[in-house]
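Both backbone and side-chain heavy atoms feed into the values below; hydrogens, waters and symmetry mates do not.
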Amino acid sequence: MKLNNRGLLVVISGPSGVGKGTVRKALFDMPNHNLTYSVSMTTRKIRPGEVDGKDYYFVSKEEFEKKIKEGKLLEHAEFVGNYYGTPLDKVNEKLEAGSEVVLEIEVEGARQVKEKMPDCVMIFIAPPSKQDLYNRLKKRGTESEEIIQERVAKANREFKKAYLYDYIVVNDEVNNAADRIMAIIRAEHAKTARTIHKYLELIGEEE
Ligand code: 5GP
């Protein structure tokens with residue numbers, strides 16, 4: 001398959017509490033883009049304000065394990081006692097249709113995606129500081145101190161995985177971070193490896 005016809009798979013990842021979700025939303029609020037968000041599946045409880053099918057597909061542990069067995073997930077990971085995963089069919093459908101698909105997932109899942117789809121663009125969202133990360137988790141107010149501590153410990157391990165990524169974007173300010181991600185996506189489109197087929201076609205020199 002020609003790379004230029006297939007959409008771009010963009011993986012936004014990084015430690016929990018870094019503000020990935022907020023950055024992703026700001027990215028989608030930007031004008032003139034063709035980005036599609038891949039809604040994940042999870043076994044965690046729905047939070048106030050969340051919508052099933054929009055924020056996540058909320059499913060039972062049994063349903064999730066069935067999807068794993070059937071090979072229906074591009075990646076999955078257990079995160080602080082719950083499963084999270086990316087439905088494979090939908091991602092493939094959208095990529096085939098030429099859409100740019102954005103995943104917002106934790107670090108272990110991102111590693112699996114890179115292995116299965118090495119052509120993806122991996123972006124690590126980093127906090128300006130560790131204290132900033134703790135403050136964000138605390139401010140969200142949706143989890144107990146015990147869960148926050150678990151998430152902080154996990155984040156400390158995840159920081160060390162940044163080298164696996166193509167880009168590191170510091171979330172100093174949400175709109176700045178979203179701007180940088182958009183700049184990365186645009187630059188990725190212009191990469192020779194992604195555009196050479198189209199260009200050769202244009203000048204009548206197909207390989
Ligand atoms: P939360 O419970 O705060 O919504 O998400 C917890 C963590 O799971 C976040 O780091 C979030 O990015 C990650 N996550 C969300 N969806 C997926 C997914 O489909 N796969 C993986 N591996 N992680 C996910």
Side-chain angles (χ1 to χ4, degrees), residues 9-25 27 37-91 101-117 120-127 130-165 168-169 171 174 177 181:
L9 181 61
V10 181
V11 180
I12 297 179
S13 188
S16 170
V18 78
K20 296 192 290 290
T22 322
V23 171
R24 186 249 307 164
K25 281 180 191 135
L27 182 71
Y37 178 57
S38 160
V39 178
S40 295
M41 194 167 278
T42 186
T43 59
R44 98 148 149 67
K45 285 206 184 93
I46 191 163
R47 290 183 188 136
E50 284 184 329
V51 178
D52 189 19
K54 183 168 170 272
D55 296 289
Y56 283 104
Y57 297 107
F58 295 93
V59 297
S60 67
K61 197 165 174 245
E62 291 68 33
E63 277 175 89
F64 198 102
E65 284 172 348
K66 190 160 172 267
K67 296 277 178 199
I68 300 174
K69 269 202 196 118
E70 292 171 349
K72 297 238 164 100
L73 300 175
L74 166 60
E75 59 72 36
H76 71 275
E78 207 174 327
F79 185 87
V80 197
N82 287 299
Y83 281 129
Y84 295 81
T86 303
L88 179 61
D89 290 1
K90 292 200 173 127
V91 168
V101 180
V102 176
L103 308 186
E104 182 225 306
I105 61 180
E106 55 72 65
V107 173
E108 165 52 25
R111 189 194 61 73
Q112 294 171 32
V113 176
K114 186 71 183 172
E115 227 173 75
K116 291 193 189 154
M117 296 190 175
C120 69
V121 183
M122 299 267 288
I123 304 174
F124 187 87
I125 310 290
K130 283 189 179 180
Q131 185 60 42
D132 182 88
L133 190 82
Y134 177 80
N135 293 346
R136 276 175 206 258
L137 284 170
K138 191 96 184 145
K139 210 166 113 193
R140 189 153 71 186
T142 46
E143 275 92 19
S144 65
E145 183 60 29
E146 193 190 338
I147 296 272
I148 291 173
Q149 286 306 335
E150 260 186 80
R151 287 189 177 221
V152 166
K154 192 165 170 66
N156 282 333
R157 294 193 294 276
E158 289 175 336
F159 283 131
K160 296 181 186 130
K161 298 285 167 60
Y163 71 92
L164 292 170
Y165 290 73
I168 296 176
V169 168
N171 184 19
V174 174
I181 294 175

Between T42 and Y57, is any pair of side-chain heavy atoms under 4.5 Å apart?
no
Do NZ/NE/NH1/NH2 and the carboxylate oxygens of E50 and R44 come within less than 4.0 Å?
yes
Identify which one of K116, E115, E108 satisfies the side-chain hydrogen bond (donor to acceptor under 3.5 Å, both in side chains) criterion when paired with Q112.
E108
Just so I know, are the side chains of I181 and L27 near enough to count as touching, which here means a heavy-atom distance under 4.5 Å?
yes
Heavy-atom closest contact (V91 atom, L103 atom, distance):
CG2-CD2, 4.1 Å
Are K72 and L88 packed together at the side-chain level, in the sense that at least one heavy-atom pair is separated by less than 4.5 angstrom?
no
Shortest non-hydrogen separation from G85 to F64 and the atoms involved
N-CZ, 3.5 Å
Do E106 side-chain atoms and G109 backbone N/O form a donor-acceptor pair below 3.5 Å?
yes
Determine, for Y37 and R24, whether the Lys NZ or Arg CZ falls below 6.0 Å from the six-membered ring centre while staying within 45 degrees of the axis.
yes
Within the distance-only criterion (no hydrogens, no angle test), does the side chain of N171 pair as donor or acceptor with the backbone N or O of V18 below 3.5 angstrom?
yes
Would you mind checking if E70 and K66 are paired as a salt bridge, meaning a charged N to carboxylate O distance below 4.0 Å?
yes
Side chain to side chain contact (heavy atoms under 4.5 Å, CB included), paired with S38, selected from V10, L74, T86
T86
Is any side-chain heavy atom of I125 less than 4.5 Å from a side-chain heavy atom of Y165?
no
Is any NZ, NE, NH1 or NH2 atom of the basic residue among E145 and K138 found under 4.0 Å from an Asp or Glu carboxylate oxygen of the other?
yes
Counting only heavy atoms not in K154 (residues, nucleotides, ligands), do more than 12 fall under 6.0 Å from its NZ?
yes
Start with the C-alpha gap between K25 and T22, add the side-chain angles, then the distance that decides, and say whether side-chain contact (heavy atoms from CB on, under 4.5 Å) holds.
CA-CA 5 Å; K25 281 180 191 135; T22 322; 5.8 Å; no
Any side-chain heavy atom of V11 sitting closer than 4.5 Å to one from K114?
no
So how far is it from Y134 OH to R151 CZ, rounded to the nearest 0.5 Å?
14.0 Å
Side chains of D55 and R47, heavy atoms from C-beta outward: is any pair under 4.5 Å?
no
Tell me whether the rings of H76 and Y83 are parallel (<30°), tilted (30 to 60°) or perpendicular (>60°).
perpendicular
Can you confirm whether I12 sits close enough to V23 that some side-chain heavy atom of one is under 4.5 Å from a side-chain heavy atom of the other?
no
So, does K67 use its side chain to make a donor-acceptor pair with the main chain of P87 at under 3.5 Å?
no
Check whether any side-chain N or O of K20 sits under 3.5 Å from a backbone N or O of P15 as a donor-acceptor pair, and report yes or no.
yes
Spatial distance of atom NZ (K90) from atom OG (S40) [nearest 0.5 Å]
11.0 Å
Under the 3.5 angstrom rule, does the side chain of E65 hit a backbone N or O of E62 as a donor-acceptor pair?
no
Please name the pair of heavy atoms, one in R136 and one in D132, separated by the smallest distance, quoted to 0.1 Å.
NE-OD2, 2.8 Å
From F58 CZ over to I46 CD1, what is the distance, rounded to the nearest 0.5 angstrom?
4.0 Å
Taking every heavy atom of G17 against every heavy atom of L133, the minimum-distance pair comes out as C-CD1, 3.5 Å
Without swapping roles, check the side chain of S13 against the backbone of I105 for a donor-acceptor pair under 3.5 Å.
yes
N82 side chain reached by Y84 side chain, heavy atoms, under 4.5 Å
yes
